Amino acid sequence: MTSTSAISNIALKEWAVTIDTLAAGMQIMLLRKGGIHESDKDFELIYPEFVLFPTLEHQRPDLIKAEFRSMMDRREKSPNDHDDHINIDFFARVVDKFEIREPKELDMIKSHHLYTDEYALSRLKWRPKLPLSVAIVRIYKLNRTQSIARIPEYGGCKSWVPLAEFVDLDGSSPVLTDFAFNEKKEAIHHIFE
């Protein structure tokens, strides 16, 4: 793996079920509109790579398509947002990004993510003057799980979390082969041609 850095302390908080879906290669995109406590209340994709910080905050079965709910069931007991430590297993590299402003555009990518149509549409409609950010990400499995101590600064509704500890990215490997990843990426790009 070629990486711009061998360590990172930048984390994106994401639903545990979303991380599992990314890790399984079933999804290669992140859809974000913002975290309540972002500095300007808007989500910005300001880091080209970051570790994935699993959370159960706001994660609910009714927001996930039925075929992904079994993945969510496996995660209900772990990670626990009240545990003393967080297990970091994956990092993401942004390959492409674009914005969605119209429901018809959102409908065109519905087969490429785990969210219900209703939930995805609600994210688009929240603060309607702002677009929904979509990032195509390549996911890498860390060489080993890294357990980091949970501190109060990690809590709350925010997307980006600067970790107090660095996560070692050396020896990470992509969860999808180049061919499989490029095939999924091109299928998304084809939608918007």
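Every value quoted in this text rests on a predicted model; they were computed, and no experiment measured them. In this chain, residues are counted from 1 in sequence order.
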**Request:** Before accepting this row, confirm whether a basic side-chain N of the pair Arg101/Glu99 lies closer than 4.0 Å to the acidic partner's carboxylate O.
**Result:** yes
**Message:** Both conditions, 6.0 Å and 45 degrees, for the charged tip of Arg138 above the ring of Phe181: are they met here?
**Reply:** yes
**Prompt:** Mind checking whether Trp160 and Tyr154 have ring centres under 6.0 Å apart?
**Reply:** no
**Main-chain N/O of Met29 paired with Gln27 side-chain donor or acceptor, under 3.5 Å** = yes
**Prompt:** Where the side chain of Glu118 meets the backbone of Leu63, is there a donor-acceptor pair that is under 3.5 Å apart?
**Reply:** no
**Test item: Ile86 and Pro54 side chains (from C-beta on) under 4.5 Å apart, heavy atoms** = yes
**Prompt:** Measuring from His85:NE2 to Thr145:OG1, what's the distance to the nearest 0.5 Å?
**Reply:** 13.5 Å
**Any donor-acceptor N/O pair, Lys97 side chain to Val137 backbone, under 3.5 Å** = no
**Aromatic plane relationship, Trp15 with Tyr115 - under 30° parallel, 30 to 60° tilted, over 60° perpendicular** = perpendicular
**Asked** Taking NZ, NE, NH1 and NH2 as the nitrogens, is one of them in Lys110 or Asp107 under 4.0 Å from a carboxylate oxygen of the other?
**Response** yes
**Message:** Working to the nearest 0.5 angstrom, can you tell me the gap between Ile28 CD1 and Ile136 CD1?
**Reply:** 5.0 Å
**Request:** Kindly indicate whether the side chain of Asn9, heavy atoms from C-beta on, has any atom under 4.5 Å from the side chain of Glu165.
**Result:** no
**Message:** Are the side chains of Leu132 and Trp126 in contact, using a 4.5 Å heavy-atom criterion?
**Reply:** no
**Message:** Can you tell me how far apart CG (Asp117) and OG (Ser122) are? Round to the nearest 0.5 Å.
**Reply:** 11.0 Å
**Leu124 and Pro103, any side-chain heavy atoms less than 4.5 Å apart** = yes
**Request:** Look only at the side chain of Glu186 and the backbone of Glu183, and say whether a donor-acceptor pair between them is shorter than 3.5 Å.
**Result:** no
**Item:** Gap separating the CD1 atom of Ile88 from the CG atom of Leu142, nearest 0.5 angstrom
**Value:** 8.0 Å
**Request:** May I ask you to test the Leu106-Leu31 pair for a side-chain heavy-atom distance under 4.5 Å?
**Result:** yes
**Asked** Can you find a heavy atom in the side chain of Thr116 that is under 4.5 Å from one in the side chain of Leu121?
**Response** no
**Prompt:** Between Lys141 and Asp89, is a salt bridge (charged side-chain N to carboxylate O under 4.0 Å, His left out) present by the stated rule, with each step listed?
**Reply:** CA-CA 6 Å; Lys141 172 88 169 106; Asp89 291 300; 3.7 Å; yes
**Inter-residue atom distance Phe91.CZ - Leu169.CG, 0.5 Å rounding** = 5.0 Å
